[in-house]
2 protein chains.
Amino acid sequence: MPAEADRKRLQRASQSPAPEPQGSTRSAWLTEHLRQALLDGKFPLGSRLNEVHLSHQLDVSRTPVRAALHVLAGEGLLRYHANKGFVVRDLPLSEVVVAYEMRALAEGLAARLAAERGLSDESRRTLEQALAEGDAILSRRLNREVQRAAYANLNESFHSTIHAAAQSDLLNDVVRACQRMPQAAAHNVMAFELADVRERHKAHHQIYLAVLGREGQQAEMLMRAHVLSVKSSIVRSLARRDGST
Amino acid sequence: MPAEADRKRLQRASQSPAPEPQGSTRSAWLTEHLRQALLDGKFPLGSRLNEVHLSHQLDVSRTPVRAALHVLAGEGLLRYHANKGFVVRDLPLSEVVVAYEMRALAEGLAARLAAERGLSDESRRTLEQALAEGDAILSRRLNREVQRAAYANLNESFHSTIHAAAQSDLLNDVVRACQRMPQAAAHNVMAFELADVRERHKAHHQIYLAVLGREGQQAEMLMRAHVLSVKSSIVRSLARRDGST
DNA sequence: AGGCGATCATCTGTATACACTATAGTCATG
DNA sequence: CATGACTATAGTGTATACAGATGATCGCCT
C-alpha cells in the first residue's frame with residue numbers, strides 16, 4: 001500500500017510544525033490525546049482498547065501506542081491484564097465516593113502544607129485574581145453555559161495553585177490520581193446549582209485567608225470540607241444519571 | 001555472536017519451568033524484578049537506567065524492559081523525561097514526610113471503610129493470625145535479625161488485609177503509591193527499636209478491635225496515629241543516615 | 001588561549017516482523 | 001443433544017533494525 005505511506009508522510013508533515021509544543025514525541029502526544037479522549041468519555045467504560053485499531057486510526061505504529069497505554073494505566077485511567085490488553089477502567093459509584101474522600105484528605109494536606117510553607121508573591125497574586133474573577137463572574141448575570149466554563153477554569157487555577165504551593169510532587173500525584181476518573185472529569189462541575197457554586201466560592205475566600213494567615217490546621221479543615229461538598233454534588237448528579245439510565 | 005543466542009535459549013529454557021508462576025510474561029517478571037531491586041536500593045538514587053544495559057544484563061530485548069520501566073514510572077519509582085530515559089526518583093526528606101502523612105490519611109480511610117463494610121471470615125482469621133504470631137514473636141527471645149524479618153512479614157499481612165477489606169482499588173493504589181519510595185521500603189522497619197515495635201503491635205490489636213466492632217471513626221484515628229508513629233521512626237532513622245553520610 | 005561550532009558516539013523513539021496466547025467456532029463423539 | 005478436543009483467527013508479547021535526538025569531544029576560528 002504505497003498510498004498509505006504517502007498519507008502518513010503528509011499527515012506528519014502537516015501536524016509537526018505548529019500544534020504540539022507539548023508532544024515532542026509521538027508517545028507523549030498520544031498519551032495526551034488518549035487521556036483527553038478518556039476523560040471526555042469518548043471510549044465506553046469497560047471497553048477494550050485494541051492496539052492495532054488505535055495505531056491505524058491514529059496513524060502510528062503499535063509501539064508508541066503501547067507506551068501511551070502503559071502510562072495511562074499507570075495513571076489509573078486504564079486497567080491492564082496480561083495477554084488481554086487494556087480496558088477503560090469502570091469505577092462503581094462507591095469508588096467515586098472513595099476517590100473524593102481521598103481527595104478531600106489530600107487537598108486538605110496540600111492546603112496545610114501551603115499554609116506552613118507560605119505563598120510566593122506570584123501564587124498570592126494568582127489566587128487573588130482567581131477570587132476576584134470569581135466574584136465578578138458570580139455577580140454578573142450571564143449565560144449559564146459561559147458562566148460555568150469560566151468558573152471551571154478559575155476553580156482549576158485556584159486549586160492547582162494551592163497544590164503547587166504545597167511543593168510536593170508526591171501529593172500532586174495523589175490528587176491527580178483522584179481526579180483521573182473516566183467519569184468525573186473536571187467539566188462535571190457544570191451540572192451544579194448556582195447556589196452551590198456561590199457557596200463554594202465563599203469557601204475559596206476562607207481557604208485563601210487561612211493559607212495566607214499561615215493557619216495550617218484551619219486551612220486543612222476548610223479545604224477538606226470544601227472538597228467533600230463537591231463530592232456531595234457530584235455523587236448527587238451521578239446518582240441521578242445512573243438512576244435515569 | 002552465535003554463542004550469545006545459544007546462551008539465551010538455554011537461560012530461557014532453564015528459567016521457564018519452575019520459578020515464576022507470577023511472571024506469565026517477560027514484562028511482568030521484569031517489572032517485579034526491577035521494582036524489588038529499586039526498593040532494595042540496588043540502583044543509586046537519581047541514577048539513569050540504561051535500556052540497552054538492562055536488556056543485555058537481564059537477557060531480554062529492550063521492548064519488555066521499556067514496558068516495565070513505563071509501569072514503574074507510573075508507580076512513581078522512576079521519573080521519565082522524553083529522549084532522556086528513566087532515572088531513579090530521588091525524594092528529598094520532606095517528600096518522605098509528606099508520603100507518610102498522606103499514607104496515614106489513606107490507611108486511616110481504609111480502616112474506616114473496612115470497619116463500615118465489615119470483615120469477611122477469612123480476613124478476620126488472617127488478622128487474628130497476624131496478631132497471634134506477633135505476640136509470639138515479640139514474647140520469645142530470638143535473633144534480632146530473624147525477629148525483624150518475621151515481624152515485617154506479618155506487619156505487611158496485617159495492613160494489606162485491612163486494605164483488602166476496604167474494598168477499594170483506588171485506595172489501594174494510593175497507599176501503594178505512598179509506600180513506593182526507593183528509600184523507604186518495607187524492610188526499613190528493621191532499623192527500629194524493639195520497644196517501638198512492641199508499641200506498634202499493641203496498636204495493631206486496638207485497630208483490629210475497632211474494625212471488628214464496626215467503630216469506623218475510632219479505627220480511622222487509631223490507624224492514622226499508628227502510621228504517623230511509623231513515620232516518626234522512619235524519619236528519625238533517615239535523618240540519622242543523612243546526617244552521617 | 002578561549003569560546004564556538006561541527007562531528008561523532010551513545011542512547012532513546014519508532015516501525016515492523018514474527019512468536020505466543022487466548023478465544024471462538026467447528027466437528028466428532030458419547 | 002450435549003460435551004469435549006481441535007483448529008483457525010484475532011490480538012498481544014517480543015525481538016530487532018533503523019531513525020532521530022542528545023551530549024561530548026575535537027578542531028577551528030577569533
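All chains are named by letter (A, B, ...) in the order of the sequence lines, taking the proteins before the strands, and each is independently numbered beginning at 1. Bear in mind that the values here come from a model prediction, so they are computed numbers and not experimental data.
- Heavy atoms of A:Leu30 sit nowhere under 4.0 angstrom from any nucleic acid atom.
- Within the structure, every side-chain polar atom (N or O) of B:Thr25 is placed at least 4.0 Å from both OP1 and OP2 of C:dT21.
- Residue A:Ser61 places no side-chain N or O under 4.0 Å from the OP1 or OP2 atom of C:dT14.
- Heavy-atom nearest nucleotides on DNA chain C were determined for A:Ala82 and for A:Thr63, and the one closer to the 5' end corresponds to A:Thr63.
- Judged by distance alone, the side chain of A:Thr161 and the main-chain N or O of A:Ser157 form a donor-acceptor pair under 3.5 Å.
- No N or O donor and acceptor, one from the side chain of A:Arg62 and one from the base of D:dG11, sit under 3.5 Å apart.
- At a threshold of 4.0 angstrom between heavy atoms, the contacts of A:Leu54 with the nucleic acid are absent.
- Counting only heavy atoms from C-beta on, A:Arg66 has its side chain closest to D:dG13 among D:dA15, C:dT14, D:dG13.
- Out of C:dT16, D:dT22, D:dT14, the shortest distance to the side chain of B:Lys84 is found at D:dT22.
- In this structure, of D:dT12, C:dT12, D:dT14, it is D:dT12 that holds the atom nearest to the side chain of A:Asn83.
- More than 12 heavy atoms of other shown residues, nucleotides or ligands fall within 6.0 angstrom of atom CD in A:Glu128.
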Run the numbers on A:Arg89 and B:Asp173 for salt bridge (charged side-chain N to carboxylate O under 4.0 Å, His left out), then give the verdict. CA-CA 13 Å; A:Arg89 192 165 180 184; B:Asp173 288 353; 3.4 Å; yes

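- Closest approach to the B:Arg48 side chain among C:dT14, D:dT12, C:dC11 is made by C:dC11 (side chain taken as heavy atoms from C-beta onward).
- Checking the phosphate oxygens (OP1, OP2) of D:dA15, a side-chain nitrogen or oxygen of B:Arg26 falls inside 4.0 Å.
- A salt bridge does not link A:Arg125 with A:Glu122: none of the charged nitrogens is closer than 4.0 Å to a carboxylate oxygen.
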